[in-house]
Participant: 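Quick one: this structure, given as structure tokens, is what I'll be asking you about.
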Amino acid sequence: MNSAFEVPIVKRLEPASGHVELLVDSPVLAQGKPGQFCHILTPGTLRRPVSFSRLEPSTGLAGLLIQVVGSGTRWLSDRQVGDTLDVLGPLGRGFAPPRLDRPWLLVGGGTGIPPIYAALQAWRDQVSEPVAVVLGAKTRDALIMVKDVRQLGFEAELTTDDGSQGRIGTVMAPVQEWLAAHPRSQVWACGPTPMLRALHGATQGLSGPVQLALEQRMGCGIGACLACVVPAQPESPDGPAYRRVCTDGPVFEREELAF
Amino acid sequence: MNSAFEVPIVKRLEPASGHVELLVDSPVLAQGKPGQFCHILTPGTLRRPVSFSRLEPSTGLAGLLIQVVGSGTRWLSDRQVGDTLDVLGPLGRGFAPPRLDRPWLLVGGGTGIPPIYAALQAWRDQVSEPVAVVLGAKTRDALIMVKDVRQLGFEAELTTDDGSQGRIGTVMAPVQEWLAAHPRSQVWACGPTPMLRALHGATQGLSGPVQLALEQRMGCGIGACLACVVPAQPESPDGPAYRRVCTDGPVFEREELAF
Amino acid sequence: MDLTVSLPRGLVLKNPIVAASGTFGFGPEYASYVDLNRLGGISVKGISPKPWRGNPPPRVWETPAGLLNSIGLQNPGVDAFITDDIPFLTGVDTAVIANIIGHTVEEYQAVAKRLDAQARIDAFEVNISCPNIKEGGMAFGHDPDQAYQVVRAVRMVTQKPVIVKMSPNLEFPGVIAKAVVDAGADMISAINTLVGLAIDLKARRPALGGGTGGLSGPAIKPVAVRIVYEIASNVAVPVIGMGGVQSAEDVLEFLMAGASAVMVGTITFQHPDRMIRIIDQLPDVLRHYGFSNLNEAVGAALGKAGAVS
Amino acid sequence: MDLTVSLPRGLVLKNPIVAASGTFGFGPEYASYVDLNRLGGISVKGISPKPWRGNPPPRVWETPAGLLNSIGLQNPGVDAFITDDIPFLTGVDTAVIANIIGHTVEEYQAVAKRLDAQARIDAFEVNISCPNIKEGGMAFGHDPDQAYQVVRAVRMVTQKPVIVKMSPNLEFPGVIAKAVVDAGADMISAINTLVGLAIDLKARRPALGGGTGGLSGPAIKPVAVRIVYEIASNVAVPVIGMGGVQSAEDVLEFLMAGASAVMVGTITFQHPDRMIRIIDQLPDVLRHYGFSNLNEAVGAALGKAGAVS
Ligand SMILES: Cc1cc2nc3c(=O)[nH]c(=O)nc-3n(C[C@H](O)[C@H](O)[C@H](O)COP(=O)(O)OP(=O)(O)OC[C@H]3O[C@@H](n4cnc5c(N)ncnc54)[C@H](O)[C@@H]3O)c2cc1C
Ligand SMILES: Cc1cc2nc3c(=O)[nH]c(=O)nc-3n(C[C@H](O)[C@H](O)[C@H](O)COP(=O)(O)OP(=O)(O)OC[C@H]3O[C@@H](n4cnc5c(N)ncnc54)[C@H](O)[C@@H]3O)c2cc1C
Ligand SMILES: Cc1cc2nc3c(=O)[nH]c(=O)nc-3n(C[C@H](O)[C@H](O)[C@H](O)COP(=O)(O)O)c2cc1C
Ligand SMILES: Cc1cc2nc3c(=O)[nH]c(=O)nc-3n(C[C@H](O)[C@H](O)[C@H](O)COP(=O)(O)O)c2cc1C
Ligand code: FES
Ligand code: FES
């Protein structure tokens, strides 16, 4: 039987201002898949969903990289080594692993970068085709885990809205260029909704699989309350169907969504 | 201008099971009078009123002796040396000091004992007539501050409901005996409502002043909300008038009350 | 201590703790977190004759000690429920309560009729109090005549126990309670959520996709206890209380206010197994407050004037 | 940033933060904790023609993120208010709002008439929404005709601004709001407390001496924001919002929901000077959310469909 359980924090990093990464010692969580998340108890009425930023099944470590945006993430960012977190997880549908015969395109925006890193970490030995990693954020400060990605041996193309690091603008310019050059790519992406919407458009007609990891406000986190829905296919005359980010996602195939 | 202020805890004692005494370093509070209280911020929606158990104006220390009965007192009992408390105080009307020409009778029941101790501590140099101190509680465990009272040089007559220490029964037996022998006594008392009601009855017609310190659930603690009332004189045809424990009390003259 | 609760028309709960509708899916979702066989019962997600899409997201928003939701009763409809969920529930040893919803009297009746034939359904909970849909839902619960019609229609097609779930967004819950009892309700459950609204300051809009939402959680407990107390004082049928239950003490508070059982909702999102802990602790809490069995506690505070010490 | 609020009939507040009636006495109680001159205004404790005794204690009880009270409008009556309190208030530079109560239409009118002559009273707040008294009080606020009568009677005896304080224990606050505006109300304040009840488990009785009580504090904020939003959407007069305000962000939430000013109550018991902190922080919070002045924020979330990202 599953249950909420306590995991100890064994390392606390401050990768950028307003961001904290907590490494927890939990073989159960470390078995998670990139794109999956855990649902963490905070003082509020609801748990907070946070994706895995790292998954190290061999050492039993999992990472949670949190950007402070409100009361719950502030509380999380104040946790210290030795404290424990009360978590449900690993939850949800993660990224499908790469097909060996297609180029890779991984796109991460802001707090969508950590799951992309986790995917690269998990799949780094499976590279057989060209790989592009595009990471974007509003400003240089929010462009997290760039070093970690490079340490895995991947190049990363960077963008910031204000040009404070990498190319100025969104991830879409390098993405479009790559797709033009590598139309058979498979795509994984995680980031803010506008970015995913743009990618959804830009990948129309692509032959390879496109996997988009979404966010939505959550209640239960395990499929029971229908809080966390996003508009999905099939659209009916009344409008789109609604599917759950917590169990049907967070990762959806492009075709499943109705942006 | 007054305000809520933070006072550091400099000593933490556990005088009996389920009881904690916190000594705080606060010249302002230490200027308080026995019978006064402070209103302490806890995680709940309301502050918690706690009487002074000690007042040492010379060292700037004040004591707060708390019996754990619910969430707020549990939280208070978990505070440690070095933590601070957010308090309003000293608040309310304290005990009037002794008249020199009358015997003293001080009666404390349960958590009503600390203010009695604070009074003895403040007035110990003013004794010129016979003094009786009667302390009662349900059981031996709740008979707090007995040693402290004795250390001040006072004898204390003890009672417990179950006879586990002192005489079996309530404080009323020794009280009645003393009053029979010393009808000119002045009386100070603090304790549960039934005890005060019994004292109110037993002191009818006494020539000396009788001061009773009451408890009531409080809102503001400073006289604004009219939450903390007790039935008082003058009774009208509709029933008693209501007066505020926080500012008209906690200490009332016997004649002011309508039990 | 025996925690069994015997309710009208043979409805028996192993204990007074029932999962509240809409917070516990159809059962399987929490099955890997909670031993369902230990629960007093499960009130499943509201079921309509045809699938309902529900409201646009976002559908939840946190408030002080509370939760606003605007799910809008998304559900796959009664046919899918029978095909996909009843088989699972058949393997579970707890009371199953079908929460039913409709836009019209006929729709409520249609669901009840379909499910009456299902042996696994132990009782109906007629939801005339959902604040999150435009037609039907709460409207039925606000008018004694309409409330009567809906309950009457359901009563006509089933001999199973009928519970009617009441709205707190009423001036006189007692009036509606009497109407539904006249119409044949065997029990009343209360309360559904309070209508609330929050603003997303950044977006400068109501935070929920549906605009207003239903407020649940500890914040509403005093309102819930008041309504349970009022209903229990006014009608003779058993009441199932809910609204903000977090602990066995909260359960006791509802029992003393006149509830025969309670439902537990929002807290499950924080603590999936809290209902089990409550069941485990309830006997000790009852004893601690001087009750030697469950029934003694039911209504123990009813008819007592306010406390003056 | 200029925080001045200009309201009908020349009522001007220095800033939108007003102490809520019943939580701030008549002014002097908090005078040694708060610089009263910094407040936007003070709504004094409800005033009746003759002294009222109020309800039996206990009168307050803590609930999750909330407070139940059953004060029962204890007050010394309008004569004592004029003799004992107006002189103090005359020395204070803030708007003084007289909250008035009565058992009958005539009683409301009598208080208004007496106080109309007092230069220090800047406005009236007609309380037709107190849940803690048997006759009058909330009853007037639940019936559009009676609400109309009371407000009309007050309107007839004063040219000062008249605010009407609304109950949240209503199905359709918009209906009452319209009735009182028709009767001549210049503004509406909302909300008064929700009816609630708690059980004292040890005593096996309702915890408050009055039985039921009024629920206030952060717990009720979503209900309050909903009602302010609804009233502001339905009537053209300014609304003064309240219910659970703790921070400048909460103030902004009420403003965006359509309130022109807010009242602050329960939190003052925890933090006597919180209103001052809110006043100090409000300009930064407005700027943070992109508003360059106070008026821009008022109603900024009105008429916006629910958010879909
Ligand atoms: C599947 C998933 C994975 C996520 N992974 C990460 C991650 O790896 N790192 C990270 O920093 N953030 C991540 N987020 C976003 C994170 O959950 C929110 O930032 C966080 O819940 C905000 O909580 P708060 O109390 O600080 O903010 P508040 O705004 O005070 O939160 C109020 C409520 O809104 C919800 N909420 C607010 N923002 C979001 C959001 N963007 N998505 C969902 N719910 C939200 C909160 O959970 C809470 O219930 C993820 C969200 C989802 C759904
Ligand atoms: C003037 C005064 C002086 C006091 N002095 C002391 C003291 O020196 N030592 C001590 O241990 N206790 C004292 N008390 C009682 C103390 O305030 C309560 O025990 C305490 O508030 C209980 O809080 P809780 O959260 O633990 O209990 P809960 O029962 O969870 O509290 C719930 C609410 O009820 C109120 N409440 C509960 N019991 C009482 C009570 N007996 N009197 C007033 N309000 C109550 C709480 O303040 C709170 O608002 C005093 C009370 C008053 C009025
Ligand atoms: C997310 C959510 C969905 C709900 N859906 C339903 C529903 O489908 N039918 C129903 O009768 N009540 C529904 N409710 C109301 C609950 O059953 C319950 O009445 C309410 O939440 C109060 O209990 P609580 O405070 O323990 O959650 C829902 C509540 C929540 C929080
Ligand atoms: C102890 C107390 C006494 C109150 N007395 C009155 C009153 O006399 N007149 C009135 O109109 N409202 C009264 N109220 C209601 C408040 O003015 C306010 O409407 C309500 O508490 C919601 O605001 P809050 O959550 O900020 O406290 C009282 C509230 C409390 C807590
Ligand atoms: S959060 Fe409850 S279904 Fe997804
Ligand atoms: S506690 Fe507010 S008047 Fe005494």
Side-chain angles (χ1 to χ4, degrees), chain A residues 1-6 39-49 69-73 75 86-92 192-193 214-232 234-249 257-259, chain C residues 19 22-36 44-46 51-76 200-202 207-209 213 215-219 244 246 265-274 276:
Chain A
M1 180 134 316
N2 288 324
S3 64
F5 54 97
E6 305 258 322
H39 211 28
I40 314 177
L41 191 69
T42 66
T45 334
L46 293 174
R47 289 173 176 262
R48 298 295 190 266
V69 298
S71 62
T73 46
W75 183 88
D86 178 315
V87 300
L88 299 174
L91 298 176
T193 307
L214 272 65
E215 288 190 4
Q216 186 55 278
R217 283 161 198 268
M218 287 188 180
C220 65
I222 62 161
C225 72
L226 301 178
C228 62
V229 299
V230 289
E235 297 229 24
S236 76
D238 303 346
Y242 287 121
R243 296 185 63 190
R244 296 164 299 188
V245 167
C246 70
T247 37
D248 301 320
L257 295 169
F259 262 118
Chain C
T23 65
F24 210 70
F26 290 119
E29 296 85 350
Y30 273 106
S32 71
Y33 292 91
V34 179
D35 180 355
L36 303 180
V44 299
K45 179 86 203 140
W52 283 9
R53 294 177 57 233
N55 288 340
R59 289 181 171 181
V60 284
W61 190 265
E62 200 176 273
T63 70
L67 174 66
L68 277 174
N69 89 78
S70 164
I71 308 297
L73 297 174
Q74 175 173 349
N75 82 93
D200 181 335
L201 300 183
K202 284 179 210 156
L208 296 174
L215 183 64
S216 64
Q246 299 190 84
T266 304
I267 192 69
T268 299
F269 300 157
Q270 276 181 300
H271 302 286
D273 60 354
R274 180 60 63 86
I276 302 298

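Numbered from 1 within each chain, the chains take letters A, B, ... in sequence-line order. The structure displayed is predicted, hence computed values, not measured ones.
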Participant: In terms of heavy-atom proximity below 4.5 Å to chain A, should C:Thr63 be classed as side chain, backbone, both, or neither?
Facilitator: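 For C:Thr63, the backbone is the part near chain A, not the side chain.
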Participant: How close do C:Val60 and A:Ala227 get, counting heavy atoms only, and between which atoms?
Facilitator: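 So the two residues come closest at CG1-CB, 3.6 Å.
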Participant: Side chains of C:Pro56 and A:Tyr242: closer than 4.5 Å at any heavy-atom pair?
Facilitator: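 Yes - at least one pair of side-chain heavy atoms lies under 4.5 Å apart.
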Participant: Less than 4.5 Å apart, side chain to side chain, heavy atoms only: is that true for C:Gln270 and A:Asp86?
Facilitator: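 When only atoms from C-beta onward are counted, A:Asp86 and C:Gln270 do not touch, as no gap falls below 4.5 Å.
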Participant: Is there a donor-acceptor pair under 3.5 Å between the side chain of A:Thr45 and the backbone N or O of C:Gly66?
Facilitator: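 Such a contact is found between A:Thr45 side chain and C:Gly66 backbone.
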Participant: Got a second to check how far C:Asn69's CG is from A:Arg217's CZ, nearest 0.5 Å?
Facilitator: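 Answer rounded to 0.5 Å: 14.5 Å.
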Participant: So how far is it from C:Tyr30 OH to A:Cys220 SG, rounded to the nearest 0.5 Å?
Facilitator: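 Atom-to-atom, C:Tyr30:OH and A:Cys220:SG are 4.5 Å apart.
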Participant: With a 4.5 angstrom heavy-atom cut-off, is it the side chain or the backbone of A:Arg48 that approaches chain C, or both, or neither?
Facilitator: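 Contact with chain C: side chain only.
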Participant: Would you mind checking which part of A:Thr42 comes under 4.5 Å of any heavy atom in chain C, side chain (CB onward), backbone (N, CA, C, O), both or neither?
Facilitator: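 The backbone, not the side chain.
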Participant: Within a strict 4.5 Å, meaning less than it, do heavy atoms of the A:Leu88 and C:Pro272 side chains meet?
Facilitator: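 Yes, their side chains come closer than 4.5 Å.
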Participant: Decide yes or no for C:Phe269 and A:Met218: does some side-chain heavy atom of the first lie under 4.5 Å from some side-chain heavy atom of the second?
Facilitator: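 C:Phe269 does not reach A:Met218 side chain to side chain.
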Participant: Please state whether the side chain, the backbone, both or neither of A:Leu41 comes within less than 4.5 Å of a heavy atom of chain C.
Facilitator: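 Just its side chain gets close to chain C.
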Participant: Rounded at 0.5 Å granularity, tell me how far CD in C:Glu29 sits from CD1 in A:Ile222.
Facilitator: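 So the gap between those two atoms works out to 7.5 Å.
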Participant: Which atoms of C:Thr266 are under 4.5 Å from chain A, going by heavy atoms: the side chain, the backbone, both sets, or neither?
Facilitator: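 Side chain of C:Thr266 only, per the 4.5 Å heavy-atom cut-off to chain A.
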Participant: Under 4.5 Å, counting heavy-atom pairs only, tell me which of C:His271, C:Arg59, C:Arg53, C:Gln74 racks up the most with chain A.
Facilitator: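 The residue among C:His271, C:Arg59, C:Arg53, C:Gln74 with the greatest pair count is C:Arg53.
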